[in-house]
Amino acid sequence: MQAAPALVRKRRERTFYIGMSVAVVITVFAGFSRTYYLRPYFTSAPLMPLLHLHGLVFTSWLVLFVTQTTLVAAHRTDIHRRLGILGGIIATLMILIGVSTAVIRAKQGATPLPDISPLAFLVIPLGDMFVFGILIGAGFYFRRRPDVHKRLMMLATISFWPRQLLDCLSRSCRQAHPHSLV
């Protein structure tokens, strides 16, 4: 009789992780649809190659994250472990490219919020990279403890949510209230 509640708990947990990974993808798409994913529909201005690389690497992480949560839910941890090596490479690239992009964009004077100086805004992406690096590093360290590993990987991935929400909300507020401070 006790096996059934444990199975239900495991199924709910796997559904939660798949659902959260899909929610992250939707949030990222909503936050960056106008400036990256659907950019040609909103502007003809070219995007610098570094930003394309940044978008490609960060999107690769999201695709891998959804794949990894799905593999675990399908009991294919053998493939999940092999793809984990790719995850380490992508995570390292994310940190290197994320920091480089943040610094270069700050030097260029770019910021999604017009009333905040680029140097002040630089704290956000650098902080994101720091938190992501710590959580990913811990996630890889605890890879042999699935209960800890999965939580750290999820936290690392959702640590970017405030940035996507900031981009999405600030753009929406500027469109609705063009003279507001947001």
Side-chain angles (χ1 to χ4, degrees), residues 17 20-39 42-43 45-66 68-69 86-143 148-182:
Y17 281 95
M20 284 298 292
S21 66
V22 170
V24 170
V25 168
I26 290 168
T27 304
V28 169
F29 183 79
F32 292 103
S33 61
R34 294 179 70 96
T35 58
Y36 186 68
Y37 297 109
L38 302 176
R39 184 180 180 84
F42 297 100
T43 183
L47 202 57
M48 63 189 276
L50 177 62
L51 293 179
H52 278 298
L53 180 62
H54 174 81
L56 175 69
V57 171
F58 278 63
T59 300
S60 297
W61 174 263
L62 293 175
V63 170
L64 180 65
F65 188 72
V66 171
Q68 290 289 67
T69 57
L86 177 61
I89 294 167
I90 292 173
T92 302
L93 288 172
M94 287 174 69
I95 294 166
L96 295 173
I97 293 168
V99 168
S100 299
T101 302
V103 171
I104 289 169
R105 295 296 285 164
K107 284 182 183 178
Q108 293 173 340
T111 177
L113 300 172
D115 296 334
I116 296 179
S117 77
L119 193 56
F121 184 77
L122 182 61
V123 171
I124 295 172
L126 292 181
D128 286 347
M129 292 294 95
F130 179 74
V131 170
F132 179 79
I134 296 288
L135 292 169
I136 285 296
F140 277 99
Y141 180 80
F142 287 107
R143 68 188 176 277
V148 176
H149 170 76
K150 64 186 170 189
R151 287 172 175 85
L152 289 167
M153 299 309 268
M154 176 63 71
L155 285 172
T157 302
I158 65 173
S159 70
F160 292 114
W161 257 4
R163 173 66 199 280
Q164 283 89 44
L165 292 173
L166 172 68
D167 285 355
C168 189
L169 292 174
S170 68
R171 191 170 37 260
S172 296
C173 289
R174 281 195 311 259
Q175 287 172 353
H177 307 284
H179 302 292
S180 71
L181 296 177
V182 181

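Basis for what follows: all heavy atoms, side chains included, without hydrogens, waters or symmetry-related copies.
- A search for side chain to side chain contact (heavy atoms under 4.5 Å, CB included) contacts involving Y141 returns nothing, not counting sequence neighbours.
- Interatomic distance, Q68 CD to M154 CE, rounded to the nearest 0.5 Å: 12.0 Å.
- No side-chain heavy atom of I136 sits under 4.5 Å from any side-chain heavy atom of M94.
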Cut-off 3.5 Å, no hydrogens considered: what does the side-chain donor-acceptor table look like for residues 96-103, sequence neighbours left out?
residue: S100; atom: OG; partner: L96; partner atom: O; Å: 2.8
residue: T101; atom: OG1; partner: I97; partner atom: O; Å: 2.7

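- Looking at every heavy atom in both residues, G55 comes nearest to T59 through O-OG1, 2.7 Å.
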- request: Output, in order, the C-alpha distance, side-chain angles, deciding distance and verdict of side chain to side chain contact (heavy atoms under 4.5 Å, CB included) for H52 and Y36.
  value: CA-CA 8 Å; H52 278 298; Y36 186 68; 3.7 Å; yes
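- Applying the side chain to side chain contact (heavy atoms under 4.5 Å, CB included) test to S21 and every residue at least two apart in sequence or in another chain returns F65, V66, T69.
- Judged as a ring pair (Phe, Tyr, Trp, His ring centres under 6.0 Å), and not counting sequence neighbours, the contacts of Y37 are F29.
- Atom-to-atom distance recorded for T35:OG1 and L51:CG is 9.0 Å, nearest 0.5 angstrom.
- Using a 4.5 Å heavy-atom threshold, the side chains of L155 and I158 count as touching.
- When all heavy atoms are compared, the tightest approach of T92 to G88 is OG1-O, 2.8 Å.
- Residues that satisfy the side chain to side chain contact (heavy atoms under 4.5 Å, CB included) test with V131, not counting sequence neighbours, are L135, S159.
- Interatomic distance, L56 CG to I90 CD1, rounded to the nearest 0.5 Å: 9.0 Å.
- Side chain of R143 to main chain of F140: a donor-acceptor pair is present (N/O by atom type, distance under 3.5 Å, no hydrogens or angles).
- Residues satisfying the ring pair (Phe, Tyr, Trp, His ring centres under 6.0 Å) criterion with F132, sequence neighbours excluded, are W61, F160.
- Using a 4.5 Å heavy-atom cutoff, the side chains of T157 and L62 are in contact.
- Residues satisfying the side chain to side chain contact (heavy atoms under 4.5 Å, CB included) test with L119, not counting sequence neighbours, are S117, L122.
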With a 3.5 Å cut-off and sequence neighbours excluded, list the donor-acceptor pairs that the side chains of residues 107-114 form with protein atoms.
residue: Q108; atom: OE1; partner: R105; partner atom: NH1; Å: 2.8
residue: T111; atom: OG1; partner: L113; partner atom: N; Å: 3.4
residue: T111; atom: OG1; partner: L113; partner atom: O; Å: 3.4

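- Evaluation of the side-chain hydrogen bond (donor to acceptor under 3.5 Å, both in side chains) rule for T43 yields no partner, not counting sequence neighbours.
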